[in-house]
Amino acid sequence: LQIIPQIENADGRWLLAGFTVTLLYVLFQSGMYVSSFASIAIRLKWVDSIELFLKRNFLSIFLPAGGVSALAYTPSQLRKRNFNKTQIHQASGLYAFAGLFTAFLVGFPIVILFALSSNQHLKSEWIGLVLVVCILAGIVWVARSLRQKGKLYDYLGKKIPSAVPLIDELFAANVNNKKYAGSILFSTGVEFTGMFHIYIAMLALGFTASFPVAAIAYMVSVLLMITSPFLRGLGAVELSLVYILELYGYSTVQALSITVLYRVFEFWLPMVF
């Protein structure tokens, strides 16, 4: 009863700004696909990349470990482009790695500069960052071992001989680092759109707006989305955001209002799209 009037009285100009940032979020996510495909010498049209992101994003909400499992889906429009499945999986893997890499790249300095220096309660966020680092290190080790035909390659060759041709094909692509850097840049843009979504929600509702607090709250939500196996952190993200905002002086009603509006921008609108 208290939250709904807060949102109904939100500043329309800031709501429009939040909607615009959501469109940028979709374009940045789609740009990650364009650059990831380009890095293995495949031209993916922006229209196709937008469709690819939106459909995979929708599926990821309902699939277990959706952030990963949804990468196996390819829209019919993309299948008509005559890309082979191996190329699509290669580019999808590069897309996923870029997202994880920038979660650490952006999250690490934020935790260092803001969270640890201003609030002792957020030291537990190290656990999330360490988990992301472990995932990244594991991905790099697996990729290197399979590409260079190391111990993991030999082990899989003995246990699952039929998988060897698929592994060879999957890691045959030469990645153009310059073009792949574009995916990293787009992914960094995705992180900042999330921070601005929370900041805009604060402004739209007429509360005291703090970009550092918005950045910390966003990174906490990202770490939970990465580690949450179901519904892309639905529920857990909301509770954590309210907790973080309350630590920084927002009332429960204010924190809930900001969280609901942020999730409209970041979660519900892309799902509707």
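Any value given below was found using the heavy atoms of this structure, including those in side chains, with hydrogens, waters and symmetry copies removed. Residue indices begin at 1 and follow the sequence shown. It should be emphasised that the depicted structure is a prediction, and the values quoted were computed from it without experimental measurement.
With sequence neighbours excluded, the residues forming a side chain to side chain donor-acceptor pair (under 3.5 Å) with Ser187 are Thr102, listed by chain and number. Among residues two or more places apart in sequence or in another chain, the side chain to side chain donor-acceptor pair (under 3.5 Å) test is passed with Thr188 by none. Qualifying side-chain contact (heavy atoms from CB on, under 4.5 Å) partners for Leu23, counting only residues two or more places apart in sequence or in other chains: Phe19, Phe273. Applying the side chain to side chain donor-acceptor pair (under 3.5 Å) rule to Ser183 yields the partners Ser36; only residues at least two apart in sequence or on another chain are considered. Taking Glu51 as the reference, Lys55 meet the salt bridge (Lys or Arg N to Asp or Glu O under 4.0 Å) condition, with sequence neighbours excluded. Leu59 meets the side-chain contact (heavy atoms from CB on, under 4.5 Å) test with Leu63, Ala70, Tyr73; sequence neighbours excluded. Under the rule for a side chain to side chain donor-acceptor pair (under 3.5 Å), Gln2 has no partner lying at least two apart in sequence or in another chain. Residues satisfying the ring pair (Phe, Tyr, Trp, His ring centres under 6.0 Å) test with Phe58, not counting sequence neighbours, are Phe62. With sequence neighbours excluded, the residues satisfying ring pair (Phe, Tyr, Trp, His ring centres under 6.0 Å) with Phe53 are Tyr25.
Of the possible donor and acceptor atoms, none in the side chain of Asp48 sits under 3.5 Å from a partner among the backbone N and O of Leu44.
One distance of note links CG of Leu239 with CG of Leu256; it measures 9.0 Å at 0.5 Å rounding. Rounded to the nearest 0.5 Å, atoms NZ (Lys45) and OG (Ser30) are 15.5 Å apart. We find the CD1-CG distance between Ile258 and Leu241 to be 9.5 Å, quoted to the nearest 0.5 Å.
Transitive grouping of hydrophobic side chains (ILVMFWY, heavy atoms separated by less than 4.5 Å) keeps Leu185 and Val106 in distinct clusters. No chain of hydrophobic side-chain contacts below 4.5 Å, direct or via other Ile, Leu, Val, Met, Phe, Trp or Tyr residues, connects Leu16 to Val260.
Taking the side chain as every heavy atom from C-beta outward, Tyr248 and Ser210 never approach each other to under 4.5 Å. Contact check for Ile184 versus Phe101: side-chain heavy atoms found under the 4.5 Å cut-off. The shortest side-chain heavy-atom distance between Gln254 and Leu245 does not fall under the 4.5 Å cut-off.
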- Run the numbers on Phe267 and Val237 for side-chain contact (heavy atoms from CB on, under 4.5 Å), then give the verdict. CA-CA 11 Å; Phe267 180 86; Val237 169; over 6 Å; no

- Query: Going through the distances and angles, do Leu261 and Leu15 end up as a side-chain contact (heavy atoms from CB on, under 4.5 Å)?
  - Reply: CA-CA 9 Å; Leu261 190 52; Leu15 292 178; 3.8 Å; yes

- Give the C-alpha distance, both sets of side-chain angles, the deciding distance and a yes or no for side-chain contact (heavy atoms from CB on, under 4.5 Å) between Leu247 and Tyr243. CA-CA 6 Å; Leu247 287 179; Tyr243 173 70; 3.7 Å; yes

- Task: Given side-chain contact (heavy atoms from CB on, under 4.5 Å), test Glu191 with Tyr218 step by step and report yes or no.
- Result: CA-CA 8 Å; Glu191 310 297 355; Tyr218 170 74; 2.8 Å; yes

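Among all heavy-atom pairs drawn from Lys179 and Ala38, the shortest one is CD-O, 3.5 Å. Across all non-hydrogen atoms, the minimal contact from Ile42 to Gln87 is CD1-CB, 3.3 Å. In terms of heavy atoms, Ser60 sits closest to Asn57 at OG-O, 2.6 Å. The heavy-atom pair separating Ser49 from Val34 by the smallest distance is OG-CG2, 3.5 Å.
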Name every donor-acceptor pair, under 3.5 Å, that has one atom in a side chain of residues 193-207 and the other anywhere in the protein, sequence neighbours excluded.
unit_1	atom_1	unit_2	atom_2	d
Thr193	OG1	Val190	O	2.6
His197	ND1	Thr193	O	3.4
His197	NE2	Gly18	O	3.2
His197	NE2	Thr22	N	3.3
His197	NE2	Thr22	OG1	3.0

N/O donor-acceptor pairs under 3.5 Å from side chains in residues 91-98, not counting sequence neighbours:
unit_1	atom_1	unit_2	atom_2	d
Ser92	OG	Arg56	NH1	2.9
Ser92	OG	Arg56	NH2	3.2
Ser92	OG	Ile88	O	2.7
Tyr95	OH	Gln29	OE1	2.7

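Applying the 6.0 Å contact sphere to OH of Tyr180 captures more than 12 heavy atoms from other residues, nucleotides or ligands.
The stretch residues 13-36 participates, sequence neighbours left out, in these salt bridge (Lys or Arg N to Asp or Glu O under 4.0 Å) pairs: Asp11-Arg13.
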